[in-house]
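These figures come from a predicted structure and were not determined experimentally. Chain A is the first sequence line, chain B the second, and so forth, proteins listed ahead of strands; every chain is numbered from 1.
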Amino acid sequence: MHNEDNTRENAAVETGRNFIEDMIASDVAAGKMRVQTRFPPEPNGYLHIGHAKAICINFGMAEKFGGKCNLRMDDTNPAKEDIEYVEAIKRNVEWLGFRWDALCFASDYYEKHYESACILIEKGLAYVDDQSGEEIRATRGTLTAPGTESLWRNRSVEENRVLFQAMRAGEFPDGSKVLRAKIDMASPNINMRDPVIYRVLRATHYRSGDDWCIYPMYDFAHPISDAIEGITHSLCTLEFEDHRPLYDWAVENVGLWPDPPHQTEFARLNMTRTIMSKRYLKMLVDNGSVAGWDDPRMPTLSGIRRRGFPPAAIRRFCEMIGVAKSNSVVDAAMLEYCVRDELGAKAHRMMAVVKPLKVTIENWPEGVYEDVVLENMPGDEAAGSRTMRFGRELWIEADDFMEDPPKKFFRLRPDGEVRLKNAYIIKCVGFDVDESGKVIGVRCTYDPDSKSGAEVRKVKGTLHWVSAADAVDAEIRLYDYLLLPDDDPETAGKDFSERMNPNSLEVVHGKVEPALAGRNEGESFQFMRIGYFCADPDGTPEKPVFNRVVGLKDSWAKQK
RNA sequence: UGGGGUGUAGCCAAGCGGUAAGGCACGGGACUUUGACUCCCGCAUUCGUAGGUUCAAAUCCUGCCACCCCAGCCA
């Protein structure tokens, strides 16, 4: 019996792996003494949930193998980068719960990049090209036709040395010269057709200022930076697969590192109804479609955090989706599951009414109140409790009353009974409508013997409620996805800009129990049966604001 | 039409020659003072496709098909 259980458990542990973990494990088994990874974003925008996958993989692998992981800013393009993004990235990584061993900047390696390029020149493996950008493009060839060699390809080492120094010294205008790796203009891999590795660019870098007027390209800076940091496993996304031969070429030919890094690629994260492109996200911010990078609708880590997704849920999600090489689109329901699961165990249960409907208890005297105890976590006394006054006038959810309900409606109906959570069973004895026929109030009586905890008859439905005397007005923001459903025949396959969901935000004015007033930003609660909500920093103690994190499963809603 | 990748259920994803893990979603049931949670049960005779090798193929071989990435002085 015990043996069997153990065997099954061990088997489960064995299968919890992915190909990258297997690879590192076998590297370690083969004698590699060190595991060093890095997460290398360019600080040109905010990180999103897709980056969380890369963060979890890079930091996670280091953690699993007792190795180290650096946070490196891949800042080799001064035109796009900013310190604002650096700070946001640091906050996001910390928020996810990871600690970097070193905070690095590609810009700190500029001198070493330069020296590495000089080595290539001395070896006759790099040359200064005088062609214009257009000429370079035109002579690169096409997918099917080889490129043609530049007239400047066979300059002498001396000439290249002098010219490259002059480039650095600022003797040439932007775009007039580049340094190219001398590889093979006929290579079937376009990345190997003498790629540009340095360009002249006069832009003030957010860190190095105007120290440099030449900047290394990603294809050169990245492998060299990895090698400088002693990275053992350079884990990146699939689109860099074609660049790997160049990566290896650079490290090998500069030749300074006996134990060079190796690149391994995995599929980037895509998710249904979600935009996963810095370019589009930046567009949404710039054109005012959202309030900013941290708008709770945004899939950015800052947005997700503000929405109320707990970092542990993101980490769990990244575990759950696995690591592989096939392009895939993960169902956002999986993320929501992780969020619900995490919050279900941690978020206090609170009463709030999103769309209020007045209930009057006709056999309860006016001006009389009774304290009702509400547990923070039913079944867990240690989590504490608070009270709210039960009185003659209460608010319930407008959707919880139906004048003429279908068969399986368990909530309030004319002549029907329900329990008010933690309070009494009430019976509907009438309701009032306005001129348009809309229900504006429900009249009930309560059963004095049915106080919560009492052994009386069971009723099918239990409603959440807020007493009119204690209710605090709150602004409640109900968020939906930024994009229309993927299977919408109207917009399927279209560009993001044509798939924007016009109803991604609904603001309603609800009533919440007093314990919810003045809550701290970031705290999440379960509003009974409605969903999880997070206190937003926009709120005040008098008028709190809550963002819906995710809804609860609702089998009744599904029936309808 | 060049090169590099990938195809296992509605969606992720294990599997690496011995007879299709797991999760999400979905359906059914139990429980319930949240129609939540939890707990049971069900959910691929078949692995893009057509052949071949083998006692045995998702796994090996061959052909074909589909999808993704690459022609920035972006990363």
Side-chain angles (χ1 to χ4, degrees), chain A residues 11-12 14-18 40-42 44 74-77 79-81 129 131-133 136-138 140-147 174-180 187-193 195-201 214-215 217-219 221-222 236-245 265 267 272 278 317 319-338 340-341 344-345 349 351 378-379 408-411 418-423 425 450 452-453 458-464 487 526-531 552-559:
Chain A
E14 289 305 316
T15 57
R17 300 190 155 202
N18 59 60
E42 183 189 14
N44 66 345
D74 231 347
D75 53 358
T76 54
N77 184 358
K80 292 187 174 176
E81 296 146 7
D129 194 340
Q131 292 183 112
S132 69
I136 288 178
R137 192 179 318 123
R140 187 152 29 219
T142 67
L143 295 178
T144 52
D174 287 10
S176 60
K177 282 183 169 50
V178 292
L179 184 71
R180 288 232 252 174
S187 172
N189 180 346
I190 295 181
N191 295 299
M192 299 297 270
R193 315 235 263 233
V196 171
I197 58 175
Y198 261 93
R199 77 279 215 181
V200 180
L201 210 194
I214 58 172
Y215 291 91
M217 302 289 290
Y218 165 88
D219 275 323
H222 200 86
C236 64
T237 45
L238 247 31
E239 67 269 29
F240 295 107
E241 261 175 328
D242 288 344
H243 298 240
R244 190 172 52 215
E265 310 83 10
T272 56
K278 266 190 200 171
F317 172 68
E319 276 296 308
M320 197 181 264
I321 58 175
V323 181
K325 298 190 72 153
S326 67
N327 292 303
S328 56
V329 183
V330 174
D331 193 333
M334 225 187 265
L335 212 208
E336 292 183 9
Y337 166 82
C338 293
R340 281 197 307 267
D341 197 49
R349 274 86 239 243
M351 303 251 262
K408 286 211 167 174
F409 186 72
F410 301 156
R411 306 177 196 177
V418 294
R419 172 175 290 284
L420 293 178
K421 178 73 181 166
N422 289 305
I425 291 176
S450 65
S452 184
K458 303 223 175 219
V459 290
K460 193 68 177 159
T462 302
L463 306 187
H464 54 275
D487 56 7
Q526 192 192 84
F527 287 5
M528 315 291 301
R529 212 176 56 226
I530 308 172
L552 252 38
K553 285 191 171 187
D554 185 351
S555 56
W556 164 247
K558 212 170 288 171
Q559 276 178 47

When A/Thr272 and A/Trp556 are each assigned the nearest nucleotide of RNA chain B, the 5'-most assignment goes to A/Thr272
Please figure out whether A/Phe409 or A/Thr144 has its closest RNA chain B nucleotide nearer the 5' end. A/Thr144
Residue list, side chain to side chain contact (heavy atoms under 4.5 Å, CB included) with A/Asn327, at least two apart or on another chain: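 Applying side chain to side chain contact (heavy atoms under 4.5 Å, CB included) to A/Asn327 gives A/Leu238.
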List the residues meeting side chain to side chain contact (heavy atoms under 4.5 Å, CB included) with A/Val418, not counting sequence neighbours, and say none if there are none. A/Leu412, A/Ile426, A/Leu463
With rounding to whole Å, what would you report as the distance between [N] and [M] at their [atom1] atoms?
{"N": "B/rA66", "M": "B/rC31", "atom1": "C1'", "result": "48 Å"}
{"N": "B/rC68", "M": "B/rC12", "atom1": "P", "result": "14 Å"}
{"N": "B/rC61", "M": "B/rG7", "atom1": "P", "result": "15 Å"}
{"N": "B/rU8", "M": "B/rU32", "atom1": "P", "result": "43 Å"}
{"N": "B/rG63", "M": "B/rG23", "atom1": "P", "result": "39 Å"}
{"N": "B/rC65", "M": "B/rA50", "atom1": "C1'", "result": "10 Å"}
{"N": "B/rU19", "M": "B/rU45", "atom1": "C1'", "result": "10 Å"}
{"N": "B/rC11", "M": "B/rG48", "atom1": "P", "result": "14 Å"}

Quick check against the 3.5 Å criterion: does [X] have a side-chain atom that pairs as donor or acceptor with the backbone of [Y]?
{"X": "A/Asp554", "Y": "A/Ala557", "answer": "yes"}
{"X": "A/Arg419", "Y": "A/Thr462", "answer": "no"}
{"X": "A/Ser187", "Y": "A/Arg193", "answer": "no"}
{"X": "A/Thr237", "Y": "A/Glu239", "answer": "no"}

What does the 5'-to-3' dot-bracket notation of RNA chain B look like when only Watson-Crick and G-U wobble pairs under 3.5 Å count, and pairs to other strands show as |? .(((((((.[[[..)..(...]]].(((((.......))))).....[[[[[..)....]]]]])))))).....
Of all residues at least two apart in sequence or in a different chain, which pass the side chain to side chain donor-acceptor pair (under 3.5 Å) check with [X]?
{"X": "A/Lys421", "answer": "none"}
{"X": "A/Arg529", "answer": "A/Asp400"}
{"X": "A/Asp75", "answer": "A/Ser107, A/Tyr206"}
{"X": "A/Glu81", "answer": "none"}

Could you list the protein-to-nucleotides 32-34 of chain B atom pairs, N/O on both sides, closer than 3.5 Å?
unit_1	atom_1	unit_2	atom_2	d
B/rU33	OP1	A/Lys458	NZ	3.0
B/rU33	O2'	A/Lys421	NZ	2.8
B/rU33	O2	A/Asn422	N	3.1
B/rU33	N3	A/Arg419	NH1	3.4
B/rU33	N3	A/Ser452	OG	2.7
B/rU33	O4	A/Arg419	NH1	3.1
B/rU33	O4	A/Ser452	N	3.4
B/rU33	O4	A/Ser452	OG	3.2
B/rU33	O4	A/Gly453	N	2.2
B/rU34	O2	A/Gln526	OE1	3.3
B/rU34	O2	A/Arg529	N	2.7
B/rU34	N3	A/Gln526	OE1	2.2
B/rU34	O4	A/Arg349	NE	3.3
B/rU34	O4	A/Arg349	NH1	2.7
B/rU34	O4	A/Gln526	OE1	3.0

Answer syn or anti for B/rG72, where the cut-off is 90° from 0 on the glycosidic torsion. syn
To the nearest Å, how far apart are A/Arg17 CZ and B/rG15 P?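 A/Arg17 atom CZ is separated from B/rG15 atom P by 10 Å.
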Run the ring pair (Phe, Tyr, Trp, His ring centres under 6.0 Å) test against A/His464 and tell me which residues pass, sequence neighbours left out. none
List for me each residue that meets ring pair (Phe, Tyr, Trp, His ring centres under 6.0 Å) alongside A/Phe240, sequence neighbours excluded, and say none if there are none.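 Once residues adjacent in sequence are excluded, the partners of A/Phe240 under the ring pair (Phe, Tyr, Trp, His ring centres under 6.0 Å) criterion are A/Tyr218, A/His243.
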Can A/Glu42 and A/Lys80 be counted as an ion pair, charged N to O under 4.0 angstrom? no
Across nucleotides 64-75 of chain B, 5' to 3', mark each nucleotide with B, S or - according to how protein heavy atoms within less than 4.0 Å reach it. ----SBBBSBSB
Dump the pairs, protein N or O against N or O of nucleotides 22-26 of chain B, anything under 3.5 Å, distances to one decimal.
unit_1	atom_1	unit_2	atom_2	d
B/rC24	OP1	A/Tyr337	OH	3.1
B/rA25	OP1	A/Arg340	NH2	3.1
B/rC26	OP1	A/Lys558	NZ	3.0

Compare side-chain N and O positions of A/Ser555 against OP1 and OP2 of B/rA36 and report whether any pair is under 4.0 Å apart.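 It does, given that an N or O in the side chain of A/Ser555 lies less than 4.0 Å from OP1 or OP2 of B/rA36.
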Determine the contact category for A/Phe317: base if any of its heavy atoms lies under 4.0 Å from a base atom, sugar-phosphate if only primed atoms, P, OP1 or OP2 are that close, otherwise nothing.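 Touches nothing.
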Between A/Phe409 and A/Trp556, is a ring pair (Phe, Tyr, Trp, His ring centres under 6.0 Å) present by the stated rule, with each step listed? CA-CA 8 Å; A/Phe409 186 72; A/Trp556 164 247; 5.5 Å; yes
Kindly say whether, by distance alone, the side chain of A/Arg411 makes a donor-acceptor pair under 3.5 Å with the base of B/rG35?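 Yes, a donor-acceptor pair under 3.5 Å.
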